[in-house]
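Heads up, the thing below is written out as structure tokens.
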Amino acid sequence: HHPIFLVEQGIGLFLCQNLVHLMEGSIYLDEEYDSGVPGFPGSRFVVNLQREPIDPQFIHDYHSSSAGGTGETFPLESDGEEDSAIHELPESLSVLFVDDDPILRKLFSRTVRTVAPGWRIREASNGETALRLVEEDKFDLIFMDMYMASVEKQLLGTEAVRELRKRGIQCRICGLSANDKESEFLDAGADVFTFKPFPCEARALIQELTRVLFKDGQSD
């Protein structure tokens, strides 16, 4: 039998779907589920990873061998012309990640530190906080989500980007969204756009961070 896991609704089905697809699994709604509470049938999403769980010892051995047991990042093997054009990630960088979802913020910080342990990462839950942080700290790169959920009206990511540029912030800014908001972000003054969530696999993550840092926006 394949391992089956329950997914609690509310943590971001799009995030779950992308993570599951990265592991070559599937996610679907259990149409037969009933909570047993009259008037509140509830819902349940099932993740099928289609493989046996990984032995924790394998994970430990993999990290030890790939990082030389020192916690350092491991080199990528080039297998084509495309890889030869990839820039090396800077050893140190000051990054601000703006997103209202605390899970995505923590996931970003943890995954990025696996490939860039020298980066300093700060987090903000909305554009207003980001505007305050840039007054007290200097950033090389800002990731800005499009929509910030709150009981009070929040700045859209594009609005926050425009205000950052009006205040003379010249660092590189990357727009973020699960939807295609590239043209809106570039028009607002962002340098580049990427879809979220970020890839978790090291090679893909390095490639995406490299694109964000060194490529120009591609808006039509």
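Remember, predicted model here, so these are calculated numbers, not experimental data.
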N-O pairing of Asp137 and Arg120 below 4.0 Å:
yes
Working to the nearest 0.5 Å, report the span between OG1 of Thr129 and CG of Leu96.
9.5 Å
How about Cys171 and Asp140: do any of their side-chain heavy atoms sit closer than 4.5 Å?
no
Note, Thr194 side chain near Arg211 side chain (heavy atom, < 4.5 Å)
yes
Around Glu136, counting heavy atoms of other residues, nucleotides and ligands shown, do more than 12 lie under 6.0 Å from its CD?
yes
Just how far is it from atom CZ of Phe185 to atom CD of Glu182, taken to the nearest 0.5 Å?
11.0 Å
State, to 0.1 Å, how close Asp34 and Gly36 come at their nearest heavy-atom pair, and which atoms those are.
OD1-N, 2.7 Å
Decide, yes or no, whether a salt bridge links Arg165 with Asp187 under the criterion of side-chain N to carboxylate O below 4.0 Å.
no
Atom CG in Leu176, atom CZ in Phe195: separation rounded to 0.5 Å?
11.0 Å
If you define the side chain from C-beta out and look only at heavy atoms, does anything of Gln207 sit under 4.5 Å from Arg203?
yes
Closest heavy-atom pair, Ala130 versus Ala124, reported as atoms and distance to 0.1 Å, is N-CB, 4.1 Å
Taking the side chain as C-beta and beyond, is there a heavy-atom pair between Leu213 and Pro90 under 4.5 Å?
yes
Quick one: does Ser109's side chain get under 4.5 Å of Arg113's, heavy atoms only?
yes
Can any side-chain N or O of Asp100 pair as donor or acceptor with the backbone N or O of Asn126 at less than 3.5 Å?
no
Leu104 and Lys196 have their tightest heavy-atom pair at CD1-NZ, 3.8 Å
Within 6.0 angstrom of Glu135 CD, more than 12 heavy atoms from elsewhere:
yes
Test salt bridge (charged side-chain N to carboxylate O under 4.0 Å, His left out) applied to Lys138 - qualifying residues, sequence neighbours left out
none
Partner set under side-chain contact (heavy atoms from CB on, under 4.5 Å) for Leu131, not counting sequence neighbours
Leu155, Glu163, Leu164, Arg167
A side-chain contact here means heavy atoms from C-beta on lying under 4.5 Å apart; do Lys181 and Thr158 qualify?
no
Taking atom CD1 of Ile142 and atom CZ of Arg122, what is their separation to the nearest 0.5 Å?
11.5 Å
Less than 4.5 Å apart, any side-chain heavy atom of Leu89 and any of Thr210?
yes
Test side-chain contact (heavy atoms from CB on, under 4.5 Å) on Ser125 and Arg105 and set out the steps.
CA-CA 9 Å; Ser125 60; Arg105 295 200 304 268; 3.6 Å; yes
Looking at side-chain heavy atoms only, is the closest gap between Val98 and Leu133 below 4.5 Å?
no
ring-ring contact (aromatic ring centres under 6.0 Å, His included) with Phe97: which of Trp119, Phe108, Phe139?
Phe108
On a heavy-atom basis, which atom in Leu205 and which in Val115 lie closest, and how many Å separate them?
CD2-CG2, 3.8 Å
Give, for atom CE of Met148 and atom CG of Asp99, the distance between the pair rounded to the nearest 0.5 Å.
6.5 Å
With clusters defined by side-chain heavy atoms of hydrophobic residues (ILVMFWY) lying less than 4.5 Å apart, directly or transitively, does Val212 cluster with Phe214?
yes
Lys/Arg-Asp/Glu bridge criterion (N-O < 4.0 Å) met for Glu159, Arg162:
no
Kindly give the heavy-atom pair with the smallest separation between Val161 and Gly189, and that separation in Å.
CG1-C, 3.8 Å
Please round to the nearest 0.5 Å and tell me the distance separating atom CZ of Phe198 and atom CZ of Phe143.
4.0 Å
Ignoring hydrogens, what is the shortest heavy-atom contact between Glu184 and Asp180? Give both atom names and the distance.
OE1-O, 4.1 Å
Quick one: do Val112 and Ile121 satisfy side-chain contact (heavy atoms from CB on, under 4.5 Å)? Show the steps, please.
CA-CA 9 Å; Val112 167; Ile121 302 173; 3.8 Å; yes
